[in-house]
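Worksheet: one structure, shown below.
In what follows, residues are counted from 1 in the order of the sequence shown. The analysis underlying the following values was restricted to heavy atoms, covering all of them including side chains, and did not include hydrogens, waters or symmetry mates.
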Amino acid sequence: MATNENSITVSRDIDAASSEIFDLLTLPERHHEFDGSGMVRSDDRSNRIQAVGDEFTMNMHGDHMDGDYQTVNRVIAYAENERVGWQPRPADKDEFGGWEWVYEIESLGSDQSRVTLTYDWSKVEDKKLQAIFPLVSEEQLEDSLNQLAAAVTGA
C-alpha cells in the first residue's frame, strides 16, 4: 500500500486467472459490484471496454455532487489481461478533470493474480477541485479489491 499527496495505490492477491479478472474489469455493467466507495450505482448502457479511447457512462451518487450524477469515463490504459484504466469527468462537463483509476493485473500462475489499483489525481489542475482529493480513502480502495475478489470468484 502506498499513499502520497497525489495518489493512493493498493494491491491484493486474488485466487483467479488474470483473464477472469480482466474480463470483469472491462464490463462497466459490473463495476458497481466492486466499488468500495459506494458511489457507483450502475452503468448507462455501456459496452465492454476494448481499447484506449473507449468511453463509458456510469450512474453515480455522492454527497460531494449533491446526490445522483453521471460520469463519462475515457479509457486511458488497456493491455489485455494486464491493465485497464480510465479517467472520469462529470457528464455535464466537457473536460476531463485529471483524476484516474488504473488496475494492473500480474499473473501469479494459472489461478492466482496480484491486482494493483491506483487512484491518481496528480493531473487535477482546477484549484477548487484539488481541495476535495482524495475523495476515496485507502480503506475504500482496499475494500474495492476485496469486492473484486468476491465478484470474480463468486465467494
Could you walk me through whether Phe34 and Val40 pass the side-chain contact (heavy atoms from CB on, under 4.5 Å) check? CA-CA 9 Å; Phe34 54 89; Val40 176; over 6 Å; no

Checking Ile8 against Trp121 for the side-chain contact (heavy atoms from CB on, under 4.5 Å) test, could you report, in this order, the C-alpha distance in whole Å, the side-chain angles of both residues, the deciding distance, and whether it holds? CA-CA 9 Å; Ile8 302 171; Trp121 59 94; 3.8 Å; yes

According to the side-chain hydrogen bond (donor to acceptor under 3.5 Å, both in side chains) rule, which pairs have a member within residues 106-116, sequence neighbours left out?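 Every side-chain hydrogen bond (donor to acceptor under 3.5 Å, both in side chains) pair that includes a residue of residues 106-116, provided the two are not neighbours, is Ser11-Thr116, Asp13-Arg114, Asp15-Gln112.
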
For residues 41-61, pull every pair meeting side-chain hydrogen bond (donor to acceptor under 3.5 Å, both in side chains), keeping only residues two or more places apart or in separate chains.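 Counting only pairs at least two positions apart or across chains, the side-chain hydrogen bond (donor to acceptor under 3.5 Å, both in side chains) contacts touching residues 41-61 are Asp23-Arg48, Thr26-Arg48, Ser42-Asn59, Asn59-Gln70, His61-Asp68.
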
Same cluster for [X] and [Y] if Ile/Leu/Val/Met/Phe/Trp/Tyr side chains link at under 4.5 Å?
X: Val10; Y: Leu24; answer: yes
X: Val102; Y: Leu25; answer: no
X: Trp101; Y: Ile76; answer: no
X: Tyr78; Y: Leu117; answer: yes
X: Leu108; Y: Val152; answer: no

Could I get the full list of side chain to side chain donor-acceptor pair (under 3.5 Å) partners for Glu29, not counting sequence neighbours?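 For Glu29 there are no side chain to side chain donor-acceptor pair (under 3.5 Å) partners, ignoring immediate neighbours.
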
Does Glu104 have any salt bridge (charged side-chain N to carboxylate O under 4.0 Å, His left out) partners at least two apart in sequence or in another chain, and if so, which?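 Once residues adjacent in sequence are excluded, the partners of Glu104 under the salt bridge (charged side-chain N to carboxylate O under 4.0 Å, His left out) criterion are Arg83.
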
State which residues pass ring-ring contact (aromatic ring centres under 6.0 Å, His included) with Tyr103; sequence neighbours excluded, sorted by chain then number.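 Testing Tyr103 for ring-ring contact (aromatic ring centres under 6.0 Å, His included), a comparison that skips the adjacent residues, returns Trp86.
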
Could you walk me through whether Ile21 and Leu148 pass the side-chain contact (heavy atoms from CB on, under 4.5 Å) check? CA-CA 8 Å; Ile21 297 168; Leu148 177 63; 4.1 Å; yes

Applying side-chain contact (heavy atoms from CB on, under 4.5 Å), run through Phe56 and Ile49 and close with a yes or a no. CA-CA 8 Å; Phe56 60 96; Ile49 296 168; 3.6 Å; yes

With distance as the sole criterion, is a donor-acceptor pair present between the side chains of Thr9 and Thr118 under 3.5 Å?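 Thr9 vs Thr118: donor-acceptor pair found between side chains.
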
Please tabulate, one pair per line, all N/O donor-acceptor pairs under 3.5 Å involving side-chain atoms of residues 123-135, not counting sequence neighbours.
residue, atom, partner, partner atom, Å
Lys123, NZ, Glu100, OE1, 3.3
Lys123, NZ, Glu100, OE2, 3.4
Asp126, OD1, Lys128, N, 2.8
Asp126, OD1, Leu129, N, 3.0
Gln130, NE2, Val124, O, 2.8

Of all heavy-atom pairs between [X] and [Y], which one has the smallest distance, and what is that distance?
X: Ala77; Y: Val75; result: O-CG1, 3.5 Å
X: Glu80; Y: Phe22; result: CA-CZ, 3.6 Å
X: Trp99; Y: Pro90; result: CH2-CD, 4.1 Å

Under 4.5 Å between any side-chain heavy atoms of Gln147 and Glu33, yes or no?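 Not touching, per the 4.5 Å side-chain cut-off.
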
Is the shortest heavy-atom distance from the side chain of Val72 to the side chain of Pro88 under 4.5 Å?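 With C-beta onward as the side chain, the pair stays apart.
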
Point-to-point distance, once rounded to the nearest 0.5 Å, from [atom1] of [X] to [atom2] of [Y]:
X: Arg12; Y: Asp143; atom1: CZ; atom2: CG; value: 10.0 Å
X: Asp35; Y: Arg30; atom1: CG; atom2: CZ; value: 14.0 Å
X: Leu145; Y: Gln140; atom1: CG; atom2: CD; value: 12.5 Å
X: Ser7; Y: Leu141; atom1: OG; atom2: CG; value: 10.0 Å
X: Ile105; Y: Ser18; atom1: CD1; atom2: OG; value: 6.5 Å
X: Asp66; Y: Asp63; atom1: CG; atom2: CG; value: 8.0 Å

Take a 6.0 Å sphere around CG of Asp94 and say whether it holds more than 12 heavy atoms from other residues, nucleotides or ligands.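 Open.
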
Can a donor-acceptor pair be found, under 3.5 Å and without considering hydrogens, that links the side chain of Glu20 to the backbone of Ala17?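 Indeed, once roles are kept as given, a pair shorter than 3.5 Å links the two residues.
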
